[in-house]
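Report on the following structure.
Numbering starts at 1 and runs along the sequence shown. This is a predicted model, so every value here is computed, not measured.
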Amino acid sequence: MAASSTSSRLVRAVGRSLFSGLCNNADGLMRSTHEMLCNHLLFQQQRTFIQMRTSLKVVDNSGAKRVACIQALKGKKGARLGDTIVCSVKEAQPGGKVKKGEVHYGVVVRAAMPRGRCDGSEVKFDDNAVVLINKHGEPIGTRVFGPVPHELRKKKHVKILSLAEHIA
C-alpha cells in the first residue's frame, strides 16, 4: 500500500513537472515565434522609389558598370520603371564609351519596387538597373542585357526594347 501511494505521488509530481515544462515551452515558443516575426519584418527591406544617391546597375555595353542617381526627372518622390534620371558613373570598364565621374541621362529598365500592370498582375525585379542614353534619348550602348519590361513602349523607349535580348 505504501509503495502504491508513493508511486502515485511520484506520477503526480512528474506529471506536474512535465505539464509545467510544456507550458513554459509553449510560452517560449510563442515568444520566439513573435521575436522571429519582428526580426524578419525589421530586416526585410522596404522597396521604394529610385531617388537621389540610389546605386543602380548598368545593363548595356556603354562601358559603365554602376551609376548613382543624381535626380529623377519626373515626380517628386522618385523614379519608377521607364522614367528618366540623371546619373553619375561610379564604376566604369577601361576603354568604354563612358568614363568614371561623367554625368549622363539614364532610363530605369528594372526596379525592385513593384509596379502594377493593367491586367492586375505586378512586375518587380531583384535589382535596380538602368540603360544610359544621350541628350536626344538614344541609347549610348548597342546591346541591352537581361529582361526589360514592355512598359517602356508606353514611355516611348522603343529603341531600348529593340536592343533588349528579353522582354518581360
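Scanning all heavy atoms of the two residues, the minimum distance from Ile140 to Asn134 falls at CG1-N, 4.0 Å. Of all the heavy atoms in Phe49 and Met113, the pair that sits closest is N-SD, 3.7 Å. Minimum heavy-atom separation, Ile167 to Pro149: CG2-C, 4.5 Å.
Residue pairs meeting the side-chain hydrogen bond (donor to acceptor under 3.5 Å, both in side chains) criterion with at least one partner in residues 146-158, sequence neighbours excluded, are Asp83-Lys155, Arg117-Glu151. Applying the side-chain hydrogen bond (donor to acceptor under 3.5 Å, both in side chains) test to residues at least two apart or on different chains, the pairs with a partner in residues 49-62 are Ser55-Arg66, Asp60-Ser62, Asn61-Thr142.
Val107 is listed as a side-chain neighbour of Ile160, based on a closest heavy-atom distance under 4.5 Å. Put simply, the side chain of Glu91 does not reach to within 4.5 Å of the side chain of Lys100, judged on heavy atoms. Between His104 and Val98 the shortest side-chain heavy-atom distance falls below 4.5 Å. Side chains of Cys69 and Met52 form no contact here, defined as non-hydrogen atoms less than 4.5 Å apart. Between Arg110 and Pro147 there is a side-chain heavy-atom pair separated by less than 4.5 Å. Side-chain atoms of Val109 and Leu81, non-hydrogen and from C-beta on, never get closer than 4.5 Å to each other. The shortest side-chain heavy-atom distance between Tyr105 and Cys87 does not fall under the 4.5 Å cut-off.
Under a hydrophobic clustering in which Ile, Leu, Val, Met, Phe, Trp and Tyr are joined whenever their side-chain heavy atoms come within less than 4.5 Å, directly or via other members, Phe125 and Val59 fall into different clusters. Connection of Ile50 to Ile70 is not established within any shared hydrophobic cluster, with ILVMFWY side chains joined at heavy-atom distances below 4.5 Å, either directly or through further cluster members. Linking ILVMFWY residues whenever their side-chain heavy atoms come closer than 4.5 Å, directly or via other members, places Leu152 and Ile133 in the same cluster. Linking Ile, Leu, Val, Met, Phe, Trp and Tyr whenever their side-chain heavy atoms come within less than 4.5 Å leaves Val108 and Leu73 in two separate clusters.
Checking side-chain atoms of Glu165 against main-chain N and O of Gly146 turns up a donor-acceptor pair under 3.5 Å.
Within a 6.0 Å sphere centred on NZ of Lys99, heavy atoms belonging to other residues, nucleotides or ligands number more than 12. Atom NZ of Lys97 has more than 12 neighbouring heavy atoms from other residues, nucleotides or ligands inside a 6.0 Å radius. Other residues, nucleotides and ligands contribute over 12 non-hydrogen atoms within 6.0 Å of the CZ atom of Phe145.
For the pairing with Val58, the side-chain contact (heavy atoms from CB on, under 4.5 Å) check across Val131, Val89, Val130 returns one residue only, Val130.
To the nearest 0.5 Å, atom CD1 of residue Ile85 and atom CZ of residue Arg80 are 15.0 Å apart.
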